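Heads up, the thing below is written out as structure tokens.
The figures that follow rest on heavy atoms only: side chains count, while hydrogens, waters and symmetry mates do not. Heads up: numbering here begins at 1 and tracks the sequence. Keep in mind that what you see is a predicted model, and the values were worked out from it rather than measured.
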Amino acid sequence: MPKIKDNITAILKTLPQLPGVYLMRDSEGKIIYVGKAIKLKRRVSSYFRHVHSSPRLKKLVEAICDISIIRTETEAEALIVEAKLIRKYSPFFNIALKMSDHYPFIKITDEEFPRIEITRHKLKDNATYIGPFVNAGNLKNLMRVAERYFPLRVCRSKINPDKNKRPCVEYNLGHSMGICANLCTKSEYLDRVKDLILLFNNQSAELVSRLKIRMNEAAKNLKFEEAAKHRDAIRAIWKISRQKISSALSEDLDSQTWNVLNKIQELLNLKILPWRIDAFDISHMSGHETYGCCVVFEQGQPCKNLYRRFKIKNLSDGEINDFQSIYETVLRRYRHVINNSEPSPQLALIDGGPVQLEYALKAINELNFNLPLVALAEREEILYIPNNKEPIILERSDPVLQLFQRLRDEVHRYAITTHRHSRNLKYTRSRLENIPGIGRIKSAELLIKFGSIENILKLQPEELAKCPGINIKLADRIIKNLKE
């Protein structure tokens, strides 16, 4: 049996039986081996359970002085993170990159009217590559949605749009936009390309938002068949987007960010590298319209599809209690995580001082959820961690503090935007509802039909009177009141 260093024994006890990537370091802190595992504890412990016949493996075990891990949601994600780390650091004991480029990518060609291809080789040809995709089933599902709702041209010839040209059979089958016969504009075609990029990058919320605008516009213009197609596309997208796909799959790890995450792990004595970090903030207007907000950074970058907002329920209107609001927000956020509907972070940052931290910790303990917390006090820019009386004071130039500040500033921005949107919506509705003859239902119908107060003000009373339930007298009253 190989002799195990005391610190390695302690590390092995803390490892989870969950998927992830492990990094082994030598006495100088250099990464000497990167591996992936379905169950980290079982896999990493196996290196120290028996004498190895391989001289190379024996030398590796003798050289290991530290082990850190990156938790991932799935084995597939672990595969990709492992490959990226091996490419970046070329650890001495990793003989060869196991994954290489034999997993497929989606390729959007670099042409005036781009095409979509599946390729196993990522070239330097200015094309847009998305992937790689480890799960062939996931890729097939995405391609099925793409071909049905977002088809591009399939021919490889140079396109010169000509309205006198007869469209090909692919157009008649619904597999092409008919750009060759000038049946769509270049702008419409490139919008379709943007839709596809959002689809394959798992940016479902943004894509659905774009489709809803088109669906409402089509319905307003009585193009019900087109509106139904957008509706069906939205349903298909939500169906496949339930799978958890991390931004770890899309971009290469940045060396500087990696070093910062290692410093955070060391500074806060974390068991796991904090490659996904949540940040929390509260926003209200004198106790009205109180929201708790959470933003998520993965590998030091915002992951906006994981942002969440919560309307605070347990305060009376006008009551100000940021501490209780933090408690409720953290509690509701991690109930979703525990129910396996959201990916779990490795660290959470609370905007505030020791009292805010105490209320966040209360929520975590109530859920029996094991998550490290840290609070950042804004004025002093100092860090507080649970069960430590003395705060951590870092230089303003410290990259760890700067990353936490970026998180804090981003959750500030998101909270302010959330509150402003809610306030504007309430104000807009109240302006209409306060007009005699316009109640809550008619107010909502007008805003759905015209989009905004500004659009209603552009109308003549005769145009507004064409709406159901609005006569010329009421239309004139609406416009006069809105202009005041």
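No donor-acceptor pair closer than 3.5 Å links the side chain of N201 to the backbone N or O of Q203. Counting only distance, with no hydrogens or angles, the side chain of N388 and the backbone of E390 share no donor-acceptor pair below 3.5 Å. Looking at R42, its side chain never comes within 3.5 Å of a backbone N or O of Q17 through a donor-acceptor pair. The backbone N or O of P19 lies less than 3.5 Å from a partner atom in the side chain of R71, making a donor-acceptor pair. Looking only at distances, no side-chain donor or acceptor of Q356 sits under 3.5 Å from a matching main-chain atom of I326. Put simply, the side chain of T417 gets close to the backbone of R413: a donor and an acceptor are under 3.5 Å apart. R332 places a side-chain N or O within 3.5 Å of a backbone atom of K311 that can act as its donor or acceptor partner. Looking at S283, its side chain never comes within 3.5 Å of a backbone N or O of Y291 through a donor-acceptor pair. Side-chain atoms of D66 do not come within 3.5 Å of backbone N or O of G29 as any donor-acceptor pair. For the pair N94 (side chain) and V34 (backbone), a donor-acceptor distance under 3.5 Å is present.
Other residues, nucleotides and ligands contribute only 12 or fewer heavy atoms inside 6.0 Å of the NZ atom of K39. Annotation: R148, atom CZ; neighbour count of heavy atoms from other residues, nucleotides and ligands within 6.0 Å does not exceed 12.
Counting heavy atoms from C-beta on, the side chains of M177 and F113 never come closer than 4.5 Å. For the pair K304 and E206, the minimum side-chain heavy-atom distance is 4.5 Å or more. In this structure, Y33 and I64 have side chains that are not in contact, with every pair of non-hydrogen atoms separated by 4.5 Å or more. Taking the side chain as every heavy atom from C-beta outward, L211 and I237 approach each other to under 4.5 Å. Counting heavy atoms from C-beta outward, D351 and H412 have side chains that approach closer than 4.5 Å. Taking the side chain as every heavy atom from C-beta outward, F93 and K59 approach each other to under 4.5 Å. Here the side chains of K271 and K13 are not in contact, with every heavy-atom distance at 4.5 Å or above. Within the 4.5 Å cutoff, no side-chain heavy atoms of F105 are placed close to those of L123.
Legend: residues meeting side chain to side chain contact (heavy atoms under 4.5 Å, CB included) with E380, ordered by chain and number and at least two apart, are A377, I382.
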> Could you walk me through whether L407 and L376 pass the side chain to side chain contact (heavy atoms under 4.5 Å, CB included) check?
Replying inline: CA-CA 10 Å; L407 270 155; L376 176 60; over 6 Å; no

> Is there a side chain to side chain contact (heavy atoms under 4.5 Å, CB included) between L15 and R43 once you walk through the steps?
Replying inline: CA-CA 10 Å; L15 297 180; R43 179 71 184 98; over 6 Å; no

> Could you walk me through whether F48 and V61 pass the side chain to side chain contact (heavy atoms under 4.5 Å, CB included) check?
Replying inline: CA-CA 7 Å; F48 305 93; V61 172; 3.8 Å; yes

> Is there a side chain to side chain contact (heavy atoms under 4.5 Å, CB included) between R335 and L367 once you walk through the steps?
Replying inline: CA-CA 7 Å; R335 275 180 183 158; L367 293 169; 3.7 Å; yes

> Would Y189 and E112 satisfy side chain to side chain donor-acceptor pair (under 3.5 Å), going step by step from the backbone distance to the final call?
Replying inline: CA-CA 10 Å; Y189 190 93; E112 184 179 6; over 6 Å; no

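Salt bridge status for K107 with D125: present, with a side-chain N to carboxylate O gap under 4.0 Å. A salt bridge links E381 with R408: at least one charged nitrogen is closer than 4.0 Å to a carboxylate oxygen. A salt bridge between K263 and E266 is absent, with no side-chain N of the basic residue lying under 4.0 Å from a carboxylate O of the acidic one.
Side chains of Y334 and D278: a donor-acceptor N/O pair is present below 3.5 angstrom, by distance only. Looking only at atom types and distance, the side chain of T119 has no donor-acceptor partner in the side chain of E117 under 3.5 Å away. For S46 and R49, the side-chain atoms include no donor-acceptor pair closer than 3.5 Å.
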